[in-house]
Amino acid sequence: MDFLKGLNPRQREAVTYDGGPLLILAGAGSGKTRVITHRIAYLIDARGVPSFAIVAMTFTNKAAGEMRDRVAGLLAGRHPIAGLTVSTFHSYCVRLLRRDGDSLAGLRPGFTRDFTIYDEEDQLALVKAVYRQLGLTEKSFMQYRAALGRISHAKSHKRGPEEMSRDAKEPVISKLAVVYNEYENRLRQANALDFDDLLLEAVRLLQHDDRLRAAYNERIQHVLVDEYQDTNRSQYELMRLLSEKRRNVCVVGDEDQSIYSWRGADIRNILDFEQDFKDAVTIRLEQNYRSTKNILEAASALVAHNTERKGKWLWTEAGAGARITVYEAHDSENEALWIADTIDRLAHTSPGDRAAILYRTNFQSRQIEEALRRYGLRYKVVGGFSFYQRAEIKDMLAFLKAALAPGDDVSLLRIINTPARGIGKTTIEQIEQQARLKRVSVWAAIESLIAEGQLPPRADAALRGFMNMMAALRALAASKPIHELMRGIAESTGYLDMLKADDSPDSESRIENVHELIHAAAEAAERGETAADFLDHAALISDADSVDEKAEVSLLTVHNAKGLEFPIVFIAGLEDGLFPHIRSLDSPGMMEEERRLCYVAMTRAEKRLFMSWAHYRRRFGGGPSEPAIPSRFLREVPQSLIERAGAGPGEVDLDADRMLVRDTVRKNMFTGKTYNSLENIAEFFQSRGLKPPAGPGMAPAGAPAAMPPPRAAGSPGVRAPEVPGLGMPGAQGGRPQAMQQAVPPAKPRTAAPKPPKRLQPGRVGSTIEHARYGRGTVVRREGEGEDAKLTVSFPGYGLKKLIAKYAGIKTEE
DNA sequence: TGATTGTTTGCTCCA
DNA sequence: CAAACAATCA
């Protein structure tokens, strides 16, 4: 097969290059994914590289899945790709540690391969616990998040608590070092790794275990890294360690799209690649196949304001296309309505074109969602609050974690009194004190407290009950498949009953979520996954994985939009302080990153690009509107490419008829987020039948037939590192072909038009008559009775705010 | 002592 | 409009 057909000369060069380190500078829309997938296919087919000798790293599970599918498609009927590894850095490291991590115990006391993973929430809980222990408060010391951020930063720069303490110039930092130290101690004691550790410890393992590293290098012939501009130090090191022998690294990136410095991404990785690899060859892909000329020019002009670049100028053969629309809204609500209105209009003029609404921060989505719902538009929200971040899911998983690993203090404390079982603050304090005193886990502390018999009778009984319950769960965990275990947890702990007894509006969806989790567990069990595998997936799932590219309207942050493209793109909230974000205003480096972020946003658009800002923006629900000024980025776009929209502040010509609201969809019912994540989870588990290597004490789980013989590793007598398991994606290779096409149709759980309920006078959605403006539709109502403030949309006049009792309005049926 | 209700904050982007 | 905390009630 000719994998070079349809590629331009530069792309072809990138696909076929065979001389060691290769840096592909791939501008936005230049066919980057195409090049990587073709290169992998080419290596396998034309160069005879076995698929298990190729490792490709991506940023999200979704990108990995797509890449794998595309390679499979290219090689269909010619080569099996069962052994091919396409993975995110994080899941790669988890698998590495779970499979071959034993020797890490020498470096990290207490480490075993059945470690647990602490996500950000767990990390925060840990920091809080440390604060409590040290008698610190957020007010008196430092915000939890800030502390965690600094700790994480120090960690990823390989600076331990001792160094932090030694170099501390201020007392705050010395104290922080103490927190840091205790934080690390507790992680170790619980045999838990946080997200930083996953990468760091994998790197340490490879650095120190020469035999393991050699085995991996023996096997791996090519390492490819996507989104290289967003790799951090650990990821860079991992890449080097895995490619030490053959030095066949191929990295693909675009320094103009580096947007993760806050997560430790080091832009120098890409800027200095040619120095780090002296014999590296750089190939530039500068032809853009995505956007119109106007969009491309505008974006390029914007990013040209940056200094930290290698410099490239994208070009396209596409036509100029429409100009970029910039809309100046009176307030954020008006902005949202304008977006909804424009999308509604575009649905007629360019049917079938998907639209994306991009924003800098998640909180912006709320108002936009509301506007879309008023227009009865279907939409999907990506991220924000994913399934696995939901309290009920985290609770359920905490039960599971605590049952599997009694040393997991964070999980245990999370559910020790959920549902309420009479273990209150004082008791918990007593337990924590005991744990500190004896330097044992919370579980062990409870045991010893009970044994000592010092507890008040009520607490004693409650704790005994809790211990028995957990012991029963543990027995269940040992004997039952994961979904029965989850069901057992939901029922025997009283968790489900607690939800059922709750009459708050969203308890129903919580129950649904719990069932969904059990359902997901059942599917996992069918694939032969263990509870530990299940937890790994839950920890490593990402928001971007839930992007549904077929959705007509998508709402997502710019970060989540990386790598995606849409015919129509809106960028909302272009105000100084929001985008660029306020925290970047006094730092040139951070400002450049914000600019790159805006560049990423703009270059997502294929045909039409809309940018908007609002004079007033409300940050919290009922809070005050704060004044804003337009983003500097709007000024950095050549004005000749811009077309202004709207009659002026507050004067959107919103067609009242279309505003006839299909009903106020009950809040929380279809917040997008909920249904979004429900689909997400089922899809995720279905499409990613990842089956990591067996846990400790178990034989490697049945490997697919396609798996190459494991003899590549080690000499007889020594426990051979099971490299093949990493050179291959587990059961994914054996995934039935049918499943790849049969993506389950998304359930239309959208805000479907409901039969309008009777509209009451002045209610949102009703029509009123005003003496001066005529008929209009009530768009928003604040307050009650005759004091209520109504926001009304009058055709020809735009949005007006009226006080019910003064406006002299008549209500119509 | 623990559970419930009221009050006050609030600030990212993510694997 | 949340969550996180303080001040109540049982």
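- Taking a 4.0 Å limit (strictly below) on heavy-atom distances, residues 252-265 of chain A reaches DNA chain B at Tyr260(A), Trp262(A), Arg263(A).
- A salt bridge does not link Asp331(A) with Arg617(A): none of the charged nitrogens is closer than 4.0 Å to a carboxylate oxygen.
- The side chain of Thr557(A) places an N or O atom within less than 4.0 Å of a non-bridging phosphate oxygen (OP1 or OP2) of dC14(B).
- Counting to the nearest Å, the P atom of dA15(B) and the CG atom of Leu535(A) are 18 Å from each other.
- Distance, Glu138(A) CD to dT9(B) P: 13 Å, rounded to whole Å.
- Toward the 5' end of DNA chain B, the nearer of the two residues Pro456(A) and Ser584(A), judged by each one's closest nucleotide, is Pro456(A).
- Within a 6.0 Å radius of OH in Tyr236(A), more than 12 heavy atoms belonging to other residues, nucleotides or ligands are found.
- Considering only side-chain atoms of Glu120(A), the nucleotide from dT12(B), dA15(B), dC5(C) that sits closest is dA15(B).
- Among the heavy atoms of the strands, none lies under 4.0 Å from Glu429(A).
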Please list, pair by pair, any protein nitrogen or oxygen found under 3.5 Å from a nitrogen or oxygen in nucleotides 2-7 of chain B.
unit_1 : atom_1 : unit_2    : atom_2 : d
dG2(B) : OP1    : Gly424(A) : N      : 3.1
dG2(B) : OP1    : Thr427(A) : OG1    : 2.4
dG2(B) : OP2    : Thr426(A) : N      : 3.3
dG2(B) : OP2    : Thr426(A) : OG1    : 2.5
dA3(B) : OP1    : Gly422(A) : N      : 3.1
dA3(B) : OP2    : Asn417(A) : ND2    : 3.1

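- If you measure from atom CG of Leu578(A) to atom P of dC13(B), you get 10 Å, rounded to the nearest angstrom.
- The neighbour count for Arg421(A) CZ, taken as heavy atoms of other residues, nucleotides or ligands under 6.0 Å away, is above 12.
- The distance from atom CD of Gln229(A) to atom P of dC13(B) is 20 Å, rounded to the nearest whole Å.
- For Leu198(A) and dC14(B), the CG to C1' distance is 14 Å, given to the nearest whole Å.
- If you look at Phe59(A) and Tyr260(A), their ring centroids are closer than 6.0 Å.
- Taking atom CG of residue Leu124(A) and atom P of nucleotide dT12(B), one finds them 11 Å apart after rounding to whole Å.
- Residue Asn362(A) places at least one side-chain N or O closer than 4.0 Å to OP1 or OP2 of dC13(B).
- Outside the 6.0 Å centre-distance limit, the rings of Trp262(A) and His581(A) are not counted as a close aromatic pair.
- Taking atom OH on Tyr118(A) and atom C1' on dA15(B), their separation rounds to 18 Å, with Å as the unit.
- With P as the reference atom, dT12(B) and dC5(C) are 16 Å apart, rounded to whole Å.
- Look at Lys62(A) and Glu66(A) and you find a salt bridge, because one of the NZ, NE, NH1 or NH2 atoms lies within 4.0 Å of a carboxylate O, short of that distance.
- When each of dA15(B), dT12(B), dA2(C) is scored by its nearest atom to the side-chain atoms of Arg366(A), the top-ranked nucleotide is dA2(C).
- If you check the side chains of Ser152(A) and Asp196(A), you find a donor sitting under 3.5 Å from an acceptor.
- The distance from atom NZ of Lys128(A) to atom C1' of dC5(C) is 11 Å, rounded to the nearest whole Å.
- As judged by a 4.0 angstrom heavy-atom cut-off over every strand, Tyr359(A) is placed among residues making no nucleic acid contact.
- Ser612(A) and Glu335(A) share a donor-acceptor pair across their side chains, judged by distance under 3.5 Å alone.
- Around CZ of Arg268(A), the count of heavy atoms belonging to other residues, nucleotides or ligands within 6.0 Å does not exceed 12.
- Candidate nucleotides dT12(B), dA15(B), dC14(B) were compared by shortest atom distance to the side chain of His581(A), and dT12(B) ranks first.
- Counting non-hydrogen atoms of other residues, nucleotides and ligands closer than 6.0 Å to CG of Leu585(A) gives a total above 12.
- Contact between the side-chain N/O atoms of Tyr144(A) and the OP1/OP2 oxygens of dC5(C) is found at a separation under 4.0 Å.
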